Number of protein chains: 2
Amino acid sequence: MVQKSKRPPSAARIAAPVAPKRRGRPRAYEPDVALGKALDLFRRDGFAATSLDDLSAATGMNRPSLYGAFGDKRELYIKSYQRYRDDARAAMVDIFRADAPLRERLERIYRIALDIYLSGESGPRGCFTVMTAASEAVSDPDIRNMVVEGLTELDKAFGICFRHAKERGELPEGADPASLAHLASATIHTIAIRARARVPRRELEAIVNGAIDLMCRAK
Amino acid sequence: MVQKSKRPPSAARIAAPVAPKRRGRPRAYEPDVALGKALDLFRRDGFAATSLDDLSAATGMNRPSLYGAFGDKRELYIKSYQRYRDDARAAMVDIFRADAPLRERLERIYRIALDIYLSGESGPRGCFTVMTAASEAVSDPDIRNMVVEGLTELDKAFGICFRHAKERGELPEGADPASLAHLASATIHTIAIRARARVPRRELEAIVNGAIDLMCRAK
DNA sequence: ACTTTTTTGTACCATTTCGCATTAAATTCC
DNA sequence: GGAATTTAATGCGAAATGGTACAAAAAAGT
């Protein structure tokens, strides 16, 4: 009883995608896909409107299993949000790191953002941060910190983008990378909101294109 | 029983702020202030997390009275949202109509927006449209229509602003008023979201000022 | 004074909600 | 095969929720 960790402590963590030989009855679910389902629900309906029964039905796990695996509803919500941010970051980080012209990088970022916001069977799913986490942020300090973290992370990524572009001469001397980054984030936010109202992709793309033009020509 | 309208039908509607001489027991509440309280609650907690008990406590009306005055929870929510939009519109319409330089108009609009988003005792209250209505918009067509209406109304108001400025020579020839309007709306949206995460007014003002600089110098 | 009308206040109901206690099942270790 | 261990499944229970029935109260009309 000295080692209480659920995973074998050392070697298995490095490379153990198969057969950890757990001791008791095997799980009937895969935690990752279950968390994905929970994420979808929370993202669509928000925290309060998503019941444990809904989550149970969507994940295929009954409530005690849910509870055992992820903790209570709030913990599950937070883990879902973390998962969402991880996914979104993973989808964008390569583009932010890529060594491409400013316009192309922006175009690719916004294309991915639109893909995220507009996918889903039962209507556009929008952005977790904007649609539900920001609402909880007022009353829940932990969630608030995550939201602030996510917002500033995006600002910073765009900021690096624009600073880089300025150094390369893609932007005029007077351009202010920080302000441009805020505008780039604002464009993300506005399309997230509009996507939620089922504004068609065409219109969102038009907004994005106008914003990109402005940001690339910015004095 | 021919006239079933609650208000006296004609004359009284024109100027009757006093003593309509209603027939039964007088109301113990003023519908307008009660709706204001309901609006605050919905705006802070969203639709699902706001219970009728909460609403009852905040308005001072017991539940049957609430029901009688405003209909069920969804109707009350919609009426709250309408009220919010009316108030916001009323606070901004003068500025949008005023004949002032572009920069000054933008500054005044954003100052009012920040006032709306940051006021309130229990933390910043954010924007009703962005924080809760957009969430409901996916599943509720009526709310969705209201959200879309509000978004395009703001876009249009900013659009007129920029077209006007361009005609006056405040903007360069190549400036695109529609795109600028979308950016102006996006700036509203981004500060609404950040306000919800308790980002301090200082930072929001910095974001706004950067955006105004960009929009006023836009090529 | 009595009826009518409108609102209030209490209490209730059916349903849903979250969380957990308990038992049954499935697997590994000895 | 049996003990130990981990998970699944059923279902309970206390609280909260949205909505309403019903009687008491407060005003105006007659």
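Atoms considered below: every heavy atom in the structure, side chains included; atoms not considered: hydrogens, waters and symmetry mates. Everything numeric in this text was worked out from a predicted model, so none of it was measured. Chain letters run A, B, ... following the sequence lines, proteins first, then strands; residues in each count from 1.
- Annotation: of the two residues near DNA chain C, B/Leu66 and A/Ala48, the 5′-most nearest-nucleotide partner is B/Leu66.
- Mapping B/Gly24 and B/Met61 onto DNA chain C by nearest heavy atom places B/Gly24 at the nucleotide closer to the 5' end.
- Considering only side-chain N and O atoms, B/Tyr67 lies nowhere under 4.0 angstrom from the phosphate OP1 or OP2 of D/dG18.
- Side-chain N/O atoms of A/Arg25 include none lying less than 4.0 angstrom from OP1 or OP2 on D/dA8.
- Here A/Tyr77 and A/Phe70 keep their ring centres 6.0 angstrom or further from each other.
- Under 4.0 angstrom from either OP1 or OP2 of D/dA8 there lies no side-chain N or O belonging to A/Asn62.
- For A/Arg27 and D/dT7, the shortest distance from a side-chain N or O to OP1 or OP2 is below 4.0 Å.
- In this model, a side-chain donor or acceptor of B/Arg23 finds a partner on the base of C/dT4 within 3.5 Å.
- In this entry the distance linking CZ of A/Arg63 with P of C/dT17 reads 9 Å, nearest Å.
- The CD atom of B/Glu30 sits 15 Å away from the P atom of C/dT7 (whole-angstrom rounding).
- Rounded to whole angstrom, the span from the OH atom of A/Tyr77 across to the C1' atom of C/dG19 amounts to 20 Å.
- B/Phe47 has its CZ atom 12 Å from the C1' atom of D/dT17, to the nearest Å.
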Under the criterion side chain to side chain donor-acceptor pair (under 3.5 Å), I'd like the reasoning laid out for A/Thr132 against A/Tyr81: C-alpha separation, chi angles, the key distance, then a yes or no. CA-CA 10 Å; A/Thr132 123; A/Tyr81 185 28; over 6 Å; no

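- Rounded to whole Å, the distance from CG on B/Leu52 to C1' on C/dT16 is 14 Å.
- Within the structure, every side-chain polar atom (N or O) of A/Ser65 is placed at least 4.0 Å from both OP1 and OP2 of D/dT7.
- A/Leu55 has its CG atom 11 Å from the P atom of C/dT17, to the nearest Å.
- For the pair B/Tyr117 and B/Cys127, the tightest heavy-atom approach, listed with the atom from each and the gap, is CE2-CB, 3.3 Å.
- Closest to the side chain of A/Ser51, out of C/dC18, D/dA21, D/dA27, is C/dC18.
- Residue B/Pro124 comes nearest to B/Arg198 through the heavy atom pair CD-NH1, 3.4 Å, listed as atom of the first residue, atom of the second, then distance.
- At the heavy-atom level, B/Thr50 lies under 4.0 Å from the strands shown only through sugar-phosphate atoms.
- Rounded to whole Å, the distance from CG on A/Asp53 to P on D/dT17 is 17 Å.
- Contact of the B/Arg196 side chain with the B/Met131 side chain is registered, since non-hydrogen atoms from C-beta on lie closer than 4.5 Å.
- If you measure from atom CG of B/Leu41 to atom P of D/dG18, you get 12 Å, rounded to the nearest angstrom.
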